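Naming: A, B, ... by sequence-line order, numbering from 1 per chain. On a predicted model such as this, the values are computed, not experimentally measured, just so you know.
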Amino acid sequence: MKETQIEFEQSPEAHGAIRKAVQALPEDSLSLAWRSELNEQLRGIAPKVRRSVWLWQFGRPAVGLCLAGSLALMVTFQLAASPYGEGIEGTLIQTVAETSKVRDVTGAGLLPHELSQKTRIDVEEAWSELDLGAL
Amino acid sequence: MRHLSVLIGLLAAGIAQAQREAEIPPVLRKALGAAATLRYSGERIVEFKTGPDRRRIVEYVLRDGPRTRIEFPDDSPYRGQIIVEDANERRHFFPDRNEIRILPPRGEEVARRLRSFLAKSMQRGFRVAVSDGGEVAGFATQAIVINDPKGNAAQKLWIEPRTGTVLKRELFDLVGGRVGLFQFTRINLRPSLAPKDFEIDRRGAKVITPELAAREIASRMGLQPALLPASSGFRLESARSMRQRGPEFLALAYVGAEGRFTLFQLKEPVSENRLRRMARGSLSTYAWTRGAEHLALVGELPEARLHEIARLLGDS
């Protein structure tokens, strides 16, 4: 450092001049606008990254689960629909085959198609042992 | 020489048949022979599968040889209904409709089907095993198990050996699942029975035959019911309209000494190839078209016999 420069920095006049120059500067309030802008930019980028992670972690199993569920429903309803096959032909065969099997145990009793013929009202004239009591 | 070989062949077939019959245990032979002379009154449960559902019914049964009367307990959905049956006819009374349905009898068919099953099964190498069946409805029984050649049970019967009464019967599917059961929970083998027990006499009741029902249902559906003449050897047992996952169709069930079949009538076409492909076991099929109607026969008869029946119904 040069000697003249040291002297300048140590002289009170110089200090005063500097102080005045600084005080004359327009007051500038502290601003964090730059940080806000940065945050905004980061937010714009960050969700994309997070969404793809979410899709990877949860979306893929969900899709798999849906597919497995659909398959299970298809299989279940297909089996429940007719073990004898699809279409009217399967229904006709099933109608005969099931009745045929059931006959062996029902004998003279009710067959499946007669089970829907339930008695709808209370039966009249149903006597009981009370009706046979002495008057 | 040719006559001699035919004679030897017939003799061999006769011996084989006799051997197969000898394999049927005496208690089972007794049960098959006793069906026409049994007398009892009792309560039994009947359970069977229809589609995915298992149904269970409680019945009060009176039996006097070929005559049967069935009633239902007061807490049954079928309370008040009475079924009587003899060798010629079955009458089913519905109290709420004051209606009597006249139908062909069913009782004899059970014994006939069991005999037929045994005959076919023995030819295919099935075996019949006898063991102590324990008590059923308070009576000691002998259990009969009919197994396929690999040892899978096709059905089981519990027989009271003195009278030959079948007190319990179970039927199984190919993987051992029970598809049908009946079991007496109490039975009186010395019952007090009266001839009137096997009659239904109700003045003013509407009498409906299967033919009448068929005409009514077919008319509602816009179809011409395909009714066979009595000379065909088959009787119409039931007529009903059905709709299961598809178009509505009319089902006419026929029964005769040769066996049974169902005639289906509908307005939508039926593929004979698909029908034949789906038929299982002893079922045969035949389908044809009559004007705007489509007809199909499915039954336990030879296919050639179904063709003859179709011709009786106008198939050229």
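With chain A as the partner, the residue from V270(B), L275(B), L181(B), I83(B) showing the most heavy-atom pairs under 4.5 Å is L275(B). With chain A as partner, the option from F72(B), F182(B), F261(B), F48(B) having the largest number of non-hydrogen pairs under 4.5 angstrom is F48(B).
Applying the 6.0 Å contact sphere to CG of D74(B) captures no more than 12 heavy atoms from other residues, nucleotides or ligands.
For V298(B), the parts lying near chain A are the backbone and the side chain together; criterion is any non-hydrogen pair under 4.5 Å. In this structure, chain A has a heavy atom under 4.5 Å from the side chain of A296(B), while its backbone stays farther away. Heavy atoms of L297(B) lying under 4.5 Å from chain A are absent altogether. For chain A, the nearby part of R260(B) is the side chain; its heavy atoms alone come within less than 4.5 Å. Neither the backbone nor the side chain of S282(B) comes within contact range of chain A; no heavy atoms are under 4.5 Å apart. Contact of R277(B) with chain A is not made at all, since no heavy-atom distance falls under 4.5 Å. Interface residue P269(B): only backbone heavy atoms are found under 4.5 Å from chain A. Heavy atoms of E300(B) lying under 4.5 Å from chain A belong exclusively to its side chain. Heavy atoms closer than 4.5 Å to chain A are found in the side chain of E237(B), but not in its backbone. In this structure, chain A has no heavy atom under 4.5 Å from any part of F117(B). Contacts between L266(B) and chain A at a heavy-atom distance below 4.5 Å involve the side chain alone, from C-beta outward.
If you take CD on E114(A) and OG on S238(B), they are separated by 7.5 Å, rounding to the nearest 0.5 Å. For the atom pair CD1 (I93(A)) and OG1 (T285(B)), the distance works out to 6.0 Å, reported to the nearest 0.5 Å.
Applying the side chain to side chain contact (heavy atoms under 4.5 Å, CB included) test to A108(A) and every residue at least two apart in sequence or in another chain returns T68(B), I70(B), E85(B), R90(B).
Two residues are said to be in side-chain contact when any heavy atoms from C-beta on lie closer than 4.5 Å; R240(B) and T95(A) meet this criterion. Under the 4.5 Å side-chain criterion, counting only non-hydrogen atoms from C-beta, Q117(A) is in contact with R97(B). A heavy-atom distance below 4.5 Å is not found between the side chains of I88(A) and H294(B). The shortest distance between side-chain heavy atoms of R55(B) and L110(A) does not fall below 4.5 Å.
No donor-acceptor pair under 3.5 Å is formed between the side chain of T262(B) and the backbone N or O of V96(A). At least one donor-acceptor pair closer than 3.5 Å links the side chain of E89(A) to the backbone N or O of S271(B). No donor-acceptor distance shorter than 3.5 angstrom exists from the side chain of Y78(B) to the backbone of T119(A), with no hydrogens or angles considered.
The contact list for residues 248-256 of chain B toward chain A, using heavy atoms and a distance under 4.5 Å, reads F249(B) by residue number.
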